[in-house]
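Okay, structure first, notes after.
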Protein chains: 2
Amino acid sequence: MNKQDVKKLVQVVEAYCTKEGMRFTDPRRHVLEIVAASDKPIGAYDILARLGERLDNPKPPTAYRAIEFFEQHGFMHRIESLNAYVICYADHRHEGSQFMICDVCGKAIETHLCHLPADLMARTRAEGFVVSGWSAEIHGRCRDCLNP
Amino acid sequence: MNKQDVKKLVQVVEAYCTKEGMRFTDPRRHVLEIVAASDKPIGAYDILARLGERLDNPKPPTAYRAIEFFEQHGFMHRIESLNAYVICYADHRHEGSQFMICDVCGKAIETHLCHLPADLMARTRAEGFVVSGWSAEIHGRCRDCLNP
DNA sequence: TCAAAACTGCTATAATATAACACTCCCAAA
DNA sequence: TTTGGGAGTGTTATATTATAGCAGTTTTGA
Ligand SMILES: [Zn+2]
Ligand SMILES: [Zn+2]
Ligand SMILES: [Zn+2]
Ligand SMILES: [Zn+2]
């Protein structure tokens, strides 16, 4: 995400926080900017390292708390297979997250489908399983890494 | 998985190993049995603890190596959102794994679809992304935990 | 019979994540 | 304008998950 877009995102999030009565604090702003500025999913300790360039010797909970906050409010996703975090690129709420993850360059492309694919939905119905959230992580090679 | 089924699985895996020229060693057999006997996905250190009832003071690599072996050969899956491992219930090879995971009882039901759902496949095509593997983890409540 | 490959056991350490507690900041009710 | 409570932070310590590296053992087959 380029600087301009990061700026916009910060504004959107700040507005959201104000509206919802939550605080858009310094550590939160920094973490948001760091994750947004990264061109690929970024791990908590890498976030923490970057945070160290902006705050005085921050500790893991500082990063993790901000991450948790943004995950809960739908501004970030955790990518389980990478132990890494990424900005949500859907401007609307969605019930699950789905990513195409390039194993060469490490970039993750969010597909943000609105609903669970029909095949999977059929299985949950058949099992009497009630879905509260879901994620799909598709590994492979992105276009850029296929045609170098 | 009941004792009878565990026994069968061990035989299947042993036969596979023999056929493929790999060794079905003691630690591997124990780890397979432990994971198979668990009624839900089990973490590496829980496997290790159980292993301690059968071997003399086993160390993490002993568990992890066996897990890795079975993952590579399609007999186990890792469930990323739980950091836990489970026996594959598909008797055929599949390109991805999909689970319905009950957040109440912790059980995981494998759906083993053979192919990436169409919606997701369409997105990968549109992106020029070549898939090498994928997984879906669907959280919610299982039938038993809905009607207690 | 002996060399290569597969596998194990072990030590150490890396990488990721959270519990717990005292303190600060902010808003809103008295 | 105080003051009290909830949200948030900073810090220490520790839990949890996972891997690197190396010496030694087992198996296989030339
Ligand atoms: Zn999203
Ligand atoms: Zn790529
Ligand atoms: Zn499977
Ligand atoms: Zn359940």
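Chain A is the first sequence line, chain B the second, and so forth, proteins listed ahead of strands; every chain is numbered from 1.
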Problem set entry | Partners passing ring pair (Phe, Tyr, Trp, His ring centres under 6.0 Å) against B:F99 (at least two apart in sequence or in another chain) | B:H77

For this session: Go through the structure and list residues passing side-chain hydrogen bond (donor to acceptor under 3.5 Å, both in side chains) with A:D26, not counting sequence neighbours.
Result: A:R29

Exercise. Excluding sequence neighbours, so at least two apart, what forms side-chain hydrogen bond (donor to acceptor under 3.5 Å, both in side chains) with A:S81?
Worked result: A:E137, A:H139

Exercise. Whole Å only: how far is the CD1 atom of A:I47 from the C1' atom of C:dT16?
Worked result: 12 Å

Exercise. How would you list, by chain and number, every residue that makes a ring pair (Phe, Tyr, Trp, His ring centres under 6.0 Å) with B:H73, sequence neighbours excluded?
Worked result: B:Y16, B:F69

Problem set entry | salt bridge (charged side-chain N to carboxylate O under 4.0 Å, His left out) contacts in which one or both residues fall within residues 58-84 of chain A, not counting sequence neighbours | A:R78-A:E80

Problem set entry | Leading and trailing nucleotides of DNA chain D with any atom under 4.0 Å from heavy atoms of chain A | D:dG6 to D:dT12

For this session: Tell me, please, which residues at least two apart from A:T124 pass side-chain contact (heavy atoms from CB on, under 4.5 Å).
Result: A:L116, A:M121, A:F129, A:V131, B:M100, B:I138

Solution key, residues 43-55 of chain A side-chain donor-acceptor pairs under 3.5 Å, sequence neighbours excluded:
unit_1	atom_1	unit_2	atom_2	d
A:R54	NH1	A:H30	ND1	2.9
A:R54	NH1	A:E33	OE1	2.7

Exercise. Taking only residues two or more places apart in sequence, or in another chain, which ones meet B:V104 in a side-chain contact (heavy atoms from CB on, under 4.5 Å)?
Worked result: B:C102, B:R141, B:C145

For this session: Quickly work out the B:R28 CZ to C:dC7 C1' distance and round it to whole Å.
Result: 7 Å

For this session: Using whole Å, report how far CG of B:D56 lies from P of C:dG9.
Result: 10 Å

What are the atom names and distances for every N/O pair under 3.5 Å that joins the protein to nucleotides 26-30 of chain C?
none

For this session: Please report, rounded to the nearest Å, how far the C1' atom of C:dT8 is from the CG atom of B:N57.
Result: 14 Å

Heteroatom pairs (N/O) under 3.5 angstrom, protein to nucleotides 17-22 of chain C:
unit_1	atom_1	unit_2	atom_2	d
C:dA17	OP1	A:R78	NH1	2.4
C:dA17	OP1	A:R78	NH2	2.8
C:dA17	OP2	A:Y64	OH	2.9
C:dA17	OP2	A:Y85	OH	3.3
C:dA17	O5'	A:Y64	OH	3.4
C:dA17	N7	A:Y45	OH	2.6
C:dA17	N6	A:Y45	OH	3.4
C:dA20	N6	A:R65	NH2	3.2

Problem set entry | salt bridge (charged side-chain N to carboxylate O under 4.0 Å, His left out) pairs, two or more places apart, involving residues 35-45 of chain B | none

Exercise. Just by distance, do the side chain of B:E20 and the backbone of B:T18 share a donor-acceptor pair under 3.5 Å?
Worked result: no

